[in-house]
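All ligand and atom numbering here is 1-based and tracks the order in the structure. Bear in mind the structure is a predicted one, so any value in this text is a computation, not a measurement.
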Amino acid sequence: MTVTRLIFLGPPGAGKGTQAKQLSTFCHVPHISTGDILRAAVAEGTELGKKAQFYMDAGELVPDDLILDLIRERLSAADAASGWILDGFPRNVEQAAFLDTILDTMGQPYDCVVNLDVPDEVIVARLALRGQQEGRSDDAEAVIRNRLEVYRQRTEPLIEFYRNRQQLVSVDGNQPIETVTAELKKIVQI
Ligand code: AP5
């Protein structure tokens with residue numbers, strides 16, 4: 001059997017997006033990234049994008065009232081009926097509780113939560129490099145440091161939240177991309 005409903009946790013730059021893309025192809029389920037959805041909204045200049053940009057540029061979380069309906073709709077879409085890989089959601093305890101409620105209503109429990117572990121200095125180096133190469137506006141060093149701080153305060157408590165439910169698996173994300181992917185493939189093939 002292959003896991004079809006998986007949540008990625010981990011600090012900014014841990015490799016969630018990189019690995020979620022690989023696993024999405026491997027497991028034949030959509031990769032749902034709230035960061036990607038928000039960046040597309042900013043690029044398109046939608047109402048959501050206009051409201052979200054201020055928070056994203058500062059490395060702060062976008063308020064829950066802008067995120068929760070968006071994720072409910074995305075998880076209800078036809079292509080998500082048989083599974084998904086969530087990357088960047090949930091980001092705080094309130095979002096995790098909301099996710100529990102909607103998955104309960106839909107009768108679609110998640111199978112597994114993967115935490116990608118990467119030391120801060122590796123993260124700062126990775127994101128600063130991406131900032132130079134791709135010009136992502138929240139990859140400036142001061143914003144990266146704030147994203148890490150926000151992660152510690154708001155998102156890291158989710159590790160305990162999911163560990164208490166015995167659904168958390170930790171993977172060392174400070175290894176070559178292919179090595180991390182190989183470990184993850186073993187985890188999803190239960
Ligand atoms: P989001 O897009 O989710 O940003 P993030 O969590 O900061 O994630 P990143 O995309 O920077 O990191 P990643 O872990 O996905 O790593 P990646 O694979 O890209 O969110 C952006 C913003 O949107 C937030 O700050 C917030 O404002 C808002 N937002 C999003 N979701 C929200 C929510 N639910 N609630 C409220 N606000 C929300 O890799 C990073 C780099 O490292 C790449 O260059 C990659 O090539 C490289 N890399 C990856 N793996 C390796 C490896 N093993 N070795 C060497 N390099 C690697």
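With respect to atom 8 (O) of ligand 1, the closest heavy atom belonging to the protein is Lys16 NZ, 3.7 Å. The protein atom (non-hydrogen) at minimum distance from atom 37 (N) of ligand 1 is Val62 N, 3.0 Å. Taking atom 7 (O) of ligand 1 as the reference point, the nearest protein heavy-atom neighbour is Arg147 NH2, 2.7 Å. Closest to atom 31 (N) of ligand 1, if we only count protein heavy atoms, is Thr34 OG1, 2.8 Å. In terms of protein heavy atoms, atom 19 (O) of ligand 1 is closest to Arg130 NH1, 2.9 Å. In this structure, the protein non-hydrogen atom closest to atom 53 (N) of ligand 1 is Gln175 O, 2.8 Å.
Considering backbone and side-chain N/O of Asp87, none are found under 3.5 Å from N/O of ligand 1. Considering backbone and side-chain atoms alike, Gln95 places an N or O below 3.5 Å from some N or O of ligand 1. Ligand 1 has an N or O atom lying under 3.5 Å from an N or O atom of Thr18, backbone or side chain. For ligand 1, the polar-atom distance check finds no N/O of Phe89 at less than 3.5 Å from any of the ligand's N/O atoms.
Taking each of Gln53, Arg91, Lys21, Arg126 in turn, the one with a heavy atom nearest to atom 42 (O) of ligand 1 proves to be Arg126. The closest heavy-atom contact to atom 12 (O) of ligand 1, among the options Gly35, Gly13, Gly59, comes from Gly13.
Listed by atom number, the atoms of ligand 1 under 4.0 Å from Gly173 heavy atoms are 53 (N). Ligand-side atoms of ligand 1 in range of Gly17: 13 (P), 15 (O), 18 (O), range being under 4.0 angstrom from any heavy atom. When each atom of ligand 1 is checked for a heavy atom of Glu60 under 4.0 Å away, the hits are 26 (C), 27 (O). The contact set between ligand 1 and Pro11, taken as ligand atoms under 4.0 Å from a residue heavy atom, comprises 14 (O). Residue-ligand proximity, Ala14 to ligand 1, at heavy-atom distances under 4.0 Å covers atoms 14 (O), 16 (O). Counting atoms of ligand 1 from 1 in the listed order, those under 4.0 Å from a heavy atom of Leu38 are 23 (O), 28 (C), 29 (N), 30 (C), 38 (C). Residue Gly15 approaches ligand 1 through these ligand atoms, each under 4.0 Å from one of its heavy atoms: 13 (P), 14 (O), 16 (O), 17 (P), 18 (O), 49 (C), 50 (N). In the vicinity of Gly88, heavy-atom distances shorter than 4.0 Å reach the ligand 1 atoms 31 (N), 32 (C), 33 (C), 34 (N).
A salt bridge links Asp79 with Arg74; the closest basic N to acidic carboxylate O contact falls under 4.0 Å. Residues Glu149 and Arg152 are not paired through a salt bridge, judged by the lack of any N-O separation under 4.0 Å between the basic side chain and the carboxylate. No salt bridge links Asp57 with Arg136; every basic N to acidic carboxylate O contact stays at or beyond 4.0 Å.
Partner of Arg91 under the side chain to side chain contact (heavy atoms under 4.5 Å, CB included) criterion, out of Ile67, Thr155, Leu9, Val150: Thr155 alone.
With hydrogens and angles disregarded, a donor-acceptor distance shorter than 3.5 Å links the side chain of Asp111 to the backbone of Thr4. A donor-acceptor pair under 3.5 Å is absent between the side-chain atoms of Thr179 and the main chain of Gln175, judged by distance alone. Of the possible polar contacts, one joining the Lys16 side chain to the Pro11 backbone as a donor-acceptor pair under 3.5 Å is found.
The residue Ser33 has no part lying near ligand 1, judged by heavy-atom distances below 4.0 Å. Contact annotation for Arg39 and ligand 1: only side-chain heavy atoms (C-beta onward) come within less than 4.0 Å of the ligand. Both the backbone and the side chain of Met56 come within 4.0 Å of ligand 1, judged by heavy-atom distances.
Using 4.0 Å as the threshold, Arg136 has a heavy atom nearer than that to some atom of ligand 1. Taking 4.0 Å as the cut-off, Glu134 does not count as a neighbour of ligand 1 on heavy-atom distance. Look at Ala58 and you'll find every heavy atom at least 4.0 Å from all atoms of ligand 1.
Atom CD of Glu141 sits in a sparse spot, with 12 or fewer heavy atoms from other residues, nucleotides or ligands closer than 6.0 Å. A 6.0 Å sphere centred on OH of Tyr55 holds no more than 12 heavy atoms belonging to other residues, nucleotides or ligands.
Val124 and Leu116 end up in different hydrophobic clusters when Ile, Leu, Val, Met, Phe, Trp and Tyr side chains are linked at under 4.5 Å. Note on Val114: it does not cluster hydrophobically with Ile159, by side-chain heavy-atom contacts below 4.5 Å among ILVMFWY residues.
For Phe8 and Phe89, the gap between ring centers reaches or exceeds 6.0 Å.
Residues Gly13 and Leu127 come closest through the heavy atom pair CA-CD2, 3.6 Å.
Atoms CG and CZ, on Asp138 and Arg130 in that order, are 7.0 Å from each other to the nearest 0.5 Å.
With a 4.5 Å cut-off on side-chain heavy atoms, Gln53 and Ser137 do not count as touching.
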